[in-house]
Amino acid sequence: MPLLSVAIITFNEEKNIARCLESVKKVADEIVVVDSLSADKTKSICQSFGVRFIEQPFLGYIEQKNFALAQTRNDFVLSLDADEAMSPELETSILQEKQKGFVYDAYSMNRRSWYCDKWIWHGNWYPDRKIRLLNKYQGQWSGTNPHDRIEMKGGSVVQHLKGDILHYTYYSIDEHIRQGNKFSGIAADAMFQKGVRSSWIKICWNPFYAFVSCYIIKLGLLDGFYGYIIAKQTAYQTFLKYIKLMQLQRNIKKQAASPINPPAVPITPASKERI
């Protein structure tokens, strides 16, 4: 039976990490935690579980997760965030695949999010299918920060598992708003570096479509009050992302228009007198 590593990245996750580690104990032969120099009790909690704890200044979401992937000692790796945990059904599914010898290159699973005080079952947040268990030689983390995803090599075979990753997202609406502002800035920077550009059409249209898609097309309205809040925040975060991207573009244009050295002022007899 093949061995399975679990890779987790952390930063000040004392309120979440124990739940995550507890959920993977039965499936993991090795647990690697890569921590971005936490200032809370994250390190001591992880050490109480006997994990391999590695401290690494934050490299970026995608880069940090690929670093964690590279630290694992086994071919097959389950990658989780500190605010995630496995449902009992997903634990059973992974144990069954482990007993079979992990015959596929990667495994996907649904992710179910806990928001404030309820599970979200619709909109952009469910089923939110993710590849999280993979042969690390057949795939790696990719995407655009902070929205990372595992990308497999061509020809890889992916099997979907029963059970959910349980994602404990935001404990308050204020927390969601603060994180949305932070993530929109990270996304704008990453998009700019990739050559993506904003426009007035994108600023006006993309947030509107984000709301309609999340709330109406994907039935976020069935999640009631919080379904509406999530859809509105999704639209607002989209708006922030594109206006921040436009601001980056405007800054670059200003820099290009401004000469490095201002033109010399010709010295005339009158100006000599002033000097």
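This structure is a prediction, so every number in the text was calculated from the model and none was measured.
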Legend entry - Other residues, nucleotides, ligands: >12 heavy atoms within 6.0 Å of Lys41 NZ: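 Open.
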Legend entry - Flag if over 12 foreign heavy atoms under 6.0 Å of CZ, Phe11: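 Atom CZ in Phe11 is crowded, with more than 12 foreign heavy atoms closer than 6.0 Å.
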Do [X] and [Y] have a side chain donor and acceptor closer than 3.5 Å?
X: Tyr104; Y: Asn135; answer: no
X: Gln247; Y: Asn251; answer: yes
X: Ser36; Y: Gln64; answer: yes
X: Thr144; Y: Lys194; answer: yes
X: Lys136; Y: Asn66; answer: no
X: Asn206; Y: Thr238; answer: no
X: His147; Y: Tyr61; answer: no
X: Asp40; Y: Thr42; answer: yes

Legend entry - Donor-acceptor under 3.5 Å (Ser23 side chain, Ala85 main chain):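 Here the side-chain-to-backbone pair does not exist.
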Inset, instruction - Give a yes or no answer on whether the side chain of Asn12 reaches the backbone of Ala39 with a donor-acceptor pair at less than 3.5 Å. - result: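 Yes: the side chain of Asn12 pairs with the backbone of Ala39.
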Legend entry - Atom pair CG (Leu161) and CE (Met109), whose distance is rounded to the nearest 0.5 Å: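 Reported to 0.5 Å precision, the distance equals 5.0 Å.
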Legend entry - Interatomic spacing from CG in Asn181 to CD1 in Ile186 - rounded to 0.5 Å: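 So the CG of Asn181 and the CD1 of Ile186 are separated by 10.0 Å.
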Legend entry - Arg73 and Arg52: CA distance, side-chain angles, deciding distance, side-chain contact (heavy atoms from CB on, under 4.5 Å) verdict: CA-CA 11 Å; Arg73 294 168 177 159; Arg52 187 150 60 92; 3.5 Å; yes
Inset, instruction - Treating Ile, Leu, Val, Met, Phe, Trp and Tyr as nodes and any side-chain heavy-atom pair under 4.5 angstrom as an edge, say whether Leu4 and Ile31 lie in one connected cluster. - result: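 Cluster IDs for Leu4 and Ile31 match.
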Inset, instruction - Is it possible for you to say whether Val24 and Ile45 belong to one hydrophobic cluster, with membership spreading through side-chain heavy-atom contacts below 4.5 Å? - result: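 Both belong to a single hydrophobic cluster.
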Inset, instruction - Return the set of residues passing side-chain hydrogen bond (donor to acceptor under 3.5 Å, both in side chains) with Arg149 (not counting sequence neighbours), or none when no residue passes. - result: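 Residues passing side-chain hydrogen bond (donor to acceptor under 3.5 Å, both in side chains) with Arg149: Glu151.
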Thinking salt bridges, do [X] and [Y] make one under a 4.0 Å N-O criterion?
X: Lys98; Y: Asp29; result: yes
X: Asp81; Y: Lys65; result: yes
X: Lys100; Y: Glu97; result: yes

Legend entry - Close side-chain approach of Asn74 to Glu30, heavy-atom, < 4.5 Å: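 Counting from C-beta outward, Asn74 and Glu30 do come under 4.5 Å.
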Legend entry - Charged tip of Lys232 within 45° of Phe211 ring normal and under 6.0 Å: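 Verdict for Phe211: a cation-pi partner in Lys232.
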Legend entry - Pairs satisfying side chain to side chain donor-acceptor pair (under 3.5 Å), at least one member in residues 83-94, at least two apart: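 Non-adjacent pairs meeting side chain to side chain donor-acceptor pair (under 3.5 Å): Asp83-His167, Glu84-Arg111, Glu84-Arg132.
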Legend entry - Passing candidate, side chain to side chain donor-acceptor pair (under 3.5 Å) with His176, options Tyr226, Tyr171, Tyr170, Tyr115: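 Filter result, single survivor: Tyr115.
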